[in-house]
Amino acid sequence: MPSRRQTTSRAPTAIDQMVGEKIRKLRLDRNMTLAELGSELGISHQQLQKYETGTNRLSAGMLSNVADVLRVEIADLFEDANSNKGNAPDPLEKARNECHSWINRANSVDKLGSMARVLKALSAD
């Protein structure tokens, strides 16, 4: 008689793969390399690649970190990355996200100040 004991699998699911695809899309939208995002998350680019391909599952804490670094809500990571293939992405929003990504990479007050001056000069048009 087969065992009725319920087994749980730690293998990645279709949802894990969908979240990984979304992370990859967001990373690319921000012109970030695997190494850059991995560094900001405190993980190797190899580990990030495993998350993006759905080979490894992300913990709740890592999901939170990814959302913080990519400046999105955690729920946004669960949206199907392919769901708006027919819709053109908002170019203004994409440009804003890229700017935020560069600002977040600034590692000194001087560099951030220079960026602010450039942005201020550009906005004077």
Side-chain angles (χ1 to χ4, degrees):
M1 179 180 268
S3 170
R4 293 189 151 255
R5 186 174 63 167
Q6 185 177 4
T7 60
T8 58
S9 172
R10 299 187 85 135
T13 66
I15 293 173
D16 295 311
Q17 291 173 336
M18 182 187 68
V19 169
E21 288 174 16
K22 183 66 176 201
I23 291 169
R24 182 175 191 276
K25 179 188 178 309
L26 291 167
R27 176 180 61 79
L28 293 174
D29 284 350
R30 286 151 178 78
N31 291 325
M32 296 179 83
T33 66
L34 281 165
E36 289 169 337
L37 181 55
S39 175
E40 289 196 39
L41 294 170
I43 60 174
S44 69
H45 73 277
Q46 293 96 334
Q47 182 61 49
L48 177 58
Q49 187 173 37
K50 289 178 183 181
Y51 290 149
E52 286 187 355
T53 60
T55 303
N56 287 7
R57 303 178 90 172
L58 285 93
S59 68
M62 184 55 69
L63 276 172
S64 179
N65 290 345
V66 169
D68 287 345
V69 170
L70 294 176
R71 299 179 54 89
V72 296
E73 298 293 324
I74 291 175
D76 294 339
L77 298 176
F78 289 89
E79 290 178 1
D80 187 353
N82 300 318
S83 64
N84 45 347
K85 276 193 172 179
N87 302 333
D90 178 16
L92 187 59
E93 188 62 28
K94 185 174 179 177
R96 277 193 180 112
N97 286 334
E98 185 176 356
C99 287
H100 283 296
S101 176
W102 284 108
I103 289 167
N104 288 340
R105 294 183 213 179
N107 55 8
S108 73
V109 173
D110 289 339
K111 193 179 285 185
L112 252 174
S114 296
M115 293 169 117
R117 286 189 293 281
V118 168
L119 289 171
K120 185 176 180 180
L122 289 172
S123 69
D125 291 342

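Predicted model only: the values in this text are computed from it and were never measured. Every heavy atom of this structure was used, including side-chain atoms; hydrogens, water molecules and symmetry mates were not.
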Evaluate the criterion side chain to side chain contact (heavy atoms under 4.5 Å, CB included) for residue pair Gln49 and Thr55; output intermediate values, then yes/no.
CA-CA 8 Å; Gln49 187 173 37; Thr55 303; over 6 Å; no

Restricting to non-hydrogen atoms, name the atom on Arg57 and the atom on Thr13 that form the minimum distance, rounded to 0.1 Å.
NH2-CG2, 3.9 Å

If you look at every heavy atom in Arg71 and Asn104, which pair is closest and at what distance?
CD-ND2, 3.1 Å

Leu119 side, atom CG; Ile103 side, atom CD1 - distance, nearest 0.5 Å:
5.5 Å

Between CG of Leu63 and CG of Leu58, what distance do you get to the nearest 0.5 Å?
5.0 Å

Closest heavy-atom pair and its distance - Ser44, Gln47:
OG-N, 3.0 Å

Distance from Asp16 atom CG to Lys50 atom NZ, nearest 0.5 Å?
15.0 Å

What one should report as the nearest heavy-atom pair of Ser64 and Ile74 is CA-CD1, 3.9 Å

List for me each residue that meets side-chain contact (heavy atoms from CB on, under 4.5 Å) alongside Glu93, sequence neighbours excluded, and say none if there are none.
Asp90, Arg96, Asn97

Please report the shortest heavy-atom distance between Gly54 and Pro12, naming the atom on each side.
O-CB, 2.9 Å

Under 3.5 Å, which donor-acceptor pairs link side chains of residues 26-43 to any protein atom two or more places apart or in another chain?
residue, atom, partner, partner atom, Å
Arg27, NE, Glu52, OE2, 2.7
Arg27, NH1, Met32, O, 2.9
Arg27, NH2, Glu52, OE1, 3.0
Asp29, OD2, Lys25, NZ, 2.9
Arg30, NE, Leu70, O, 3.1
Arg30, NH1, Leu26, O, 3.2
Arg30, NH2, Leu70, O, 2.9
Asn31, ND2, Glu98, OE1, 3.2
Asn31, ND2, Glu98, OE2, 2.5
Thr33, OG1, Ala35, N, 3.4
Thr33, OG1, Glu36, N, 3.0
Glu36, OE1, Thr33, N, 2.9
Glu36, OE1, Arg105, NH1, 3.2
Glu36, OE2, Arg105, NH1, 3.4

Taking all non-hydrogen atoms of both residues, which atom of Asn56 and which atom of Tyr51 are closest, and how far apart?
O-CD2, 3.7 Å

Please check if the number of heavy atoms outside Gln46 that lie under 6.0 Å from its CD is greater than 12.
yes

